[in-house]
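First the structure, in the form of structure tokens, and then the observations on it.
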Amino acid sequence: MRLSQSFYKTLKEIPKDARIPSHQLMFRSGMIQQLSSGIYNYLPLALRSIRKIEKIIREELDSRGCEEVLMPAVQPASLWQESGRWDLYGDLLLRFKDRKGNDYCMGPTHEEVITDMVRRNLKSWKQLPWNLYQIQGKFRDEFRPRFGLMRGREFIMKDAYSFDVDVESAKKSYWKMHEAYTAIFSRCGVRFRAVDAATGEIGGDMSQEFQVLASSGEDLILSCDSCNYAANIEKAVTTSTGGTPDETAFKALETVDTPGQKTIEEVSSFLGAEASGFLKSLVYESDSKPVLVLIAGDRDVNESKLQAALGSGVLRMASNTLVEKTMGTSPGYVGPVGVSSEVFVVADLSVTRGINWISGANEKDKHIRNVNLRRDFNPDKVIDIAFAAAGDSCPKCSGGKLEEHRGIEVGQVFYLGNKYSKMMDCSFLDEEGESQPAEMGCYGIGVGRTMAAAIEQNHDENGIIWPVPIAPWEVVVLPLQLNDEAVVEAAETIYESFRMAGIDTMIDDRNERAGFKFKDADLIGYPVQVVLGGRSVAAGNAEVKFRESGEKSEMPLDDVVVVVRDWILERRQGGAE
RNA sequence: CGGGCUGUAGCGCAGGGGGAGCGCGCCUCGUUCGGGACGAGGAGGCCGUCAGUUCAAAUCUGACCAGCCCGACCA
């Protein structure tokens, strides 16, 4: 392609709405432009990269026996009513009516449609397993779109769904997709980790996210410094830290006045005690029933763990009114001692680690010292409901400590079970002639987000540094003096040779000054720049610059194509560390 | 959905009751030509929309719309 004819425009200044590097660079390099909040045009540069990511996905999935389909972006409400999600999905679902007044939505995901599609065709166990995927635009009316393609409302997603005869083979399908994802992201040239993930409303306990490591990531992940354990903080397990507390060291309960001191911070400084010695007592409302939650003062409640532990549908912090009604005091003075047996009490494992806690006294302006498990309160459940944190012991190996990283979730694999197949009657006859619901899995990859994450991870102050496998163009040829015939001829010859060699090549044939072209080339991030300047060409040479290392080398014009081609071919298959 | 901010040329911004401006970008000419050149000339805006106040509104008031930030939420 000739840059002089290309539909693109670079900007020197950073648009004010772009906050993170990938967004700024995609904007500045002319890859994307915003049409509306969270909705973008993909210009040629961006689309080329996206197509490459899609090609990698297709190759890895097709070679593992998956088949591509394409489902509609617009979906009838009836299917969503059947699965029960028409009411559950909330405002994230963009709904509208057609001319006849029937309800529709823009598909935010395709479990319903695929389940419907499969059930029309599935008769016998002999047909399975199936694994169907598509690459589709999805729409989710995000509360807060941000960071460009990182969290848009309309976005390109690869979603796949597996259908198996039983749990065992469904898990095989799951791990096969896990393997495919590992191959895909390696080939895209990003540094990533597969981490245990929370399963949200769908339930089940088998799900992993593929997280690209980047400081701007929205997700917090924890990984062990000595084994392969890694999990999203939403999911990361904490373990009990102590043995049996020494009951002989229990001291007598003592009520203290703490006028106006409500938060752990306030009370701890008022009493001169560490936050870790406090028993934080929170009242939640789980499916309209109050639950008292106890946790060490230096820990935070992980609501997704709590929700899973309680098996609740809707979980939220109780209103002040409900707290008063349940505990007889306002938030700030709530504690576990003397709680009505009507109230369900859940304690985090951290509560077992210490003795002589300080907690609220269930009386305004008063706290109690020396509160002890079993002697003074008996939780109905003691279970891991805390957020894990950096420095915690690894739940999987002995001696390992957890480290914290930020990540961008680019993919998730999910074992679904038979929730949808049961709800929507997607079943087959097994070997005994019995009707069985299919065991399902679903698997997503954010295609645009993967591209953004790659930029987030691979850039410097001058611009993007594309990994070769997903670079829009692999090489740019830069003739520096268009009025120098030898330069132009050398550039055109090399450009043609690259094209013949199957290298994706751009030639910057614009009549611009050298510095201008260099800046643009660095910004757009071509992995290789072949620079043809008057002096070098006169000496029979070209200069080759590698974007990532910044390394430049002068070489004979005749060698350029072979050297650069070999360098590119070595890297096309990706394989980040 | 709560709290906050912003809408003036393609981008970044200044102005703040009576002439619509600056930088970058764009067009023409000349000089320049290896890290976003310089000079001269030029094109480009219903100052987000609608209403109100006023002799007069980009400017004041109100409503609405849009975008952004913080929070809550999230496959």
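Computed over heavy atoms, backbone and side chain alike; hydrogens, waters and symmetry mates excluded. Convention: sequence-line order gives letters A, B, ...; per-chain numbering from 1.
Spacing between B:rA66 and B:rU28 at atom P, rounded to whole Å, works out to 40 Å. Atom name P, nucleotides B:rC26 and B:rC64: the rounded distance is 42 Å, in whole Å. When the C1' atom is compared between B:rG17 and B:rA56, the two are found 8 Å apart, to the nearest whole Å. The same atom, C1', is picked in B:rC47 and in B:rG19; the two are 15 Å apart, to the nearest Å. To the nearest whole angstrom, the two C1' atoms, one in B:rG10 and one in B:rC5, are 24 Å apart. B:rG48 and B:rA20 have their P atoms separated by 16 Å, with the value rounded to a whole Å. Here the separation of B:rC55 from B:rC50, taken at their P atoms, is 23 Å to the nearest Å. Using P as the reference atom, B:rA43 and B:rG36 are 30 Å apart when rounded to the nearest Å.
Proximity note for A:K12 (side chain, C-beta onward) versus B:rG25, B:rG34, B:rG35: the nearest is B:rG25. Among the nucleotides B:rG36, B:rG34, B:rU32, the one closest to the side chain of A:R513 is B:rU32. Distances from the side chain of A:F518 to the nucleotides B:rG36, B:rC68, B:rG34 place B:rG34 closest. When each of B:rC13, B:rG35, B:rG36 is scored by its nearest atom to the side-chain atoms of A:K16, the top-ranked nucleotide is B:rC13. Listed nucleotides: B:rG12, B:rC33, B:rG67. Nearest to the side chain of A:Q481: B:rC33. Which of B:rG34, B:rC68, B:rG12 sits closest to the side chain of A:P15 comes down to B:rG12.
Judged purely by distance below 3.5 Å, without hydrogens or angles, the side chains of A:E543 and A:S536 never pair a donor atom with an acceptor atom. A donor-acceptor pair shorter than 3.5 Å can be found between the side chains of A:Y161 and A:D159. Side-chain contact annotation: A:D522 with A:Q529, donor-acceptor N/O pair under 3.5 Å present.
In this entry B:rC1 has B:rG71 as its Watson-Crick or G-U wobble partner, both defining distances falling under 3.5 Å. With both pairing distances under 3.5 Å, B:rA51 is matched to B:rU61 as a Watson-Crick or G-U wobble pair. B:rG39: Watson-Crick or G-U partner is B:rC29, with both key distances under 3.5 Å. B:rA66 and B:rU6 make up a base pair, with Watson-Crick or G-U wobble contacts both under 3.5 Å. Nucleotide B:rA20 has no partner under the Watson-Crick or G-U criteria, as no pair reaches both atom distances under 3.5 Å. For B:rC46, there is no paired nucleotide, since no Watson-Crick or G-U wobble pair has both relevant distances below 3.5 Å.
Using a distance-only test at 3.5 Å, with no hydrogens or angles considered, a donor-acceptor pair links the side chain of A:Q134 to the main chain of A:M71. Here the side chain of A:R151 pairs no donor or acceptor atom with the backbone of A:F147 at under 3.5 angstrom.
Note on A:D159: nothing from the nucleic acid sits closer than 4.0 angstrom, heavy atoms only. Residue A:Q412 is in sugar-phosphate contact alone, with no base atom involved, counting any heavy-atom pair closer than 4.0 Å across all strands shown. Among the atoms of the strands shown, none is found under 4.0 Å from any heavy atom of A:D91. Residue A:K517 is out of contact with every strand shown, counting any heavy-atom pair closer than 4.0 Å. A:L523 comes within contact range of at least one nucleobase, with a heavy-atom separation under 4.0 Å. Heavy atoms of A:S304 sit nowhere under 4.0 angstrom from any nucleic acid atom. Using a 4.0 Å heavy-atom cutoff across all strands shown, A:G533 reaches at least one base atom of the nucleic acid.
Spacing between atom CG of A:D17 and atom C1' of B:rG7 amounts to 11 Å, rounded to whole angstrom units. Remark: P of B:rG34 and CG of A:L482 are 12 Å apart, rounded to the nearest angstrom. Summarising the geometry, the separation between CD1 on A:I20 and P on B:rC69 is reported as 10 Å, rounded to the nearest angstrom. If you take CZ of A:R19 and C1' of B:rG12, they are 14 Å apart, rounded to a whole angstrom. For the pair A:M157 CE and B:rC74 C1', the interatomic distance rounds to 13 Å; values are reported in whole Å. Atoms CD (A:E142) and C1' (B:rC1) sit 14 Å apart, rounded to a whole Å. Note: CD (A:Q33) to P (B:rC11) measures 9 Å, nearest angstrom. For A:F516 and B:rC38, the CZ to C1' distance is 15 Å, given to the nearest whole Å.
Annotation: of the two residues near RNA chain B, A:R153 and A:R535, the 5′-most nearest-nucleotide partner is A:R535. Comparing A:L480 and A:L92 by the nucleotide of RNA chain B whose heavy atom lies nearest to each, the residue mapping closer to the 5' end is A:L480.
Taking 3.5 Å as the limit, the base of B:rG34 and the side chain of A:E543 contain a donor-acceptor pair of atoms between them. Not a single donor-acceptor pair, N or O on each side, falls under 3.5 Å between the base of B:rG25 and the side chain of A:E13. The base of B:rC74 sits within donor-acceptor range of the side chain of A:R151, with an N or O pair under 3.5 Å. Not a single donor-acceptor contact under 3.5 angstrom links the side-chain atoms of A:T10 to the base of B:rG25.
Considering only side-chain N and O atoms, A:R144 lies under 4.0 angstrom from the phosphate OP1 or OP2 of B:rC70. Taking only side-chain nitrogens and oxygens, A:Q34 never comes nearer than 4.0 Å to OP1 or OP2 of B:rG67. Using a 4.0 Å cut-off, no side-chain N or O of A:S37 falls inside it from OP1 or OP2 of B:rA66. Remark: A:R146 is not in phosphate contact with B:rC68, judged by side-chain N or O atoms under 4.0 Å from OP1 or OP2.
Just one residue in the list A:I524, A:I455, A:L43 forms a side chain to side chain contact (heavy atoms under 4.5 Å, CB included) with A:M31, and that residue is A:I455. Of the residues listed (A:H459, A:E456, A:Q457), the one engaging A:S22 in a side-chain hydrogen bond (donor to acceptor under 3.5 Å, both in side chains) is A:E456, and it is the only one.
Ring geometry, A:Y89 versus A:W80: the interplanar angle exceeds 60°, so the pair is classed perpendicular (tilted spans 30 to 60°). Relative ring orientation between A:Y181 and A:Y443 is described as perpendicular, the plane-to-plane angle rising above 60° on a 0-90° scale split at 30° and 60°.
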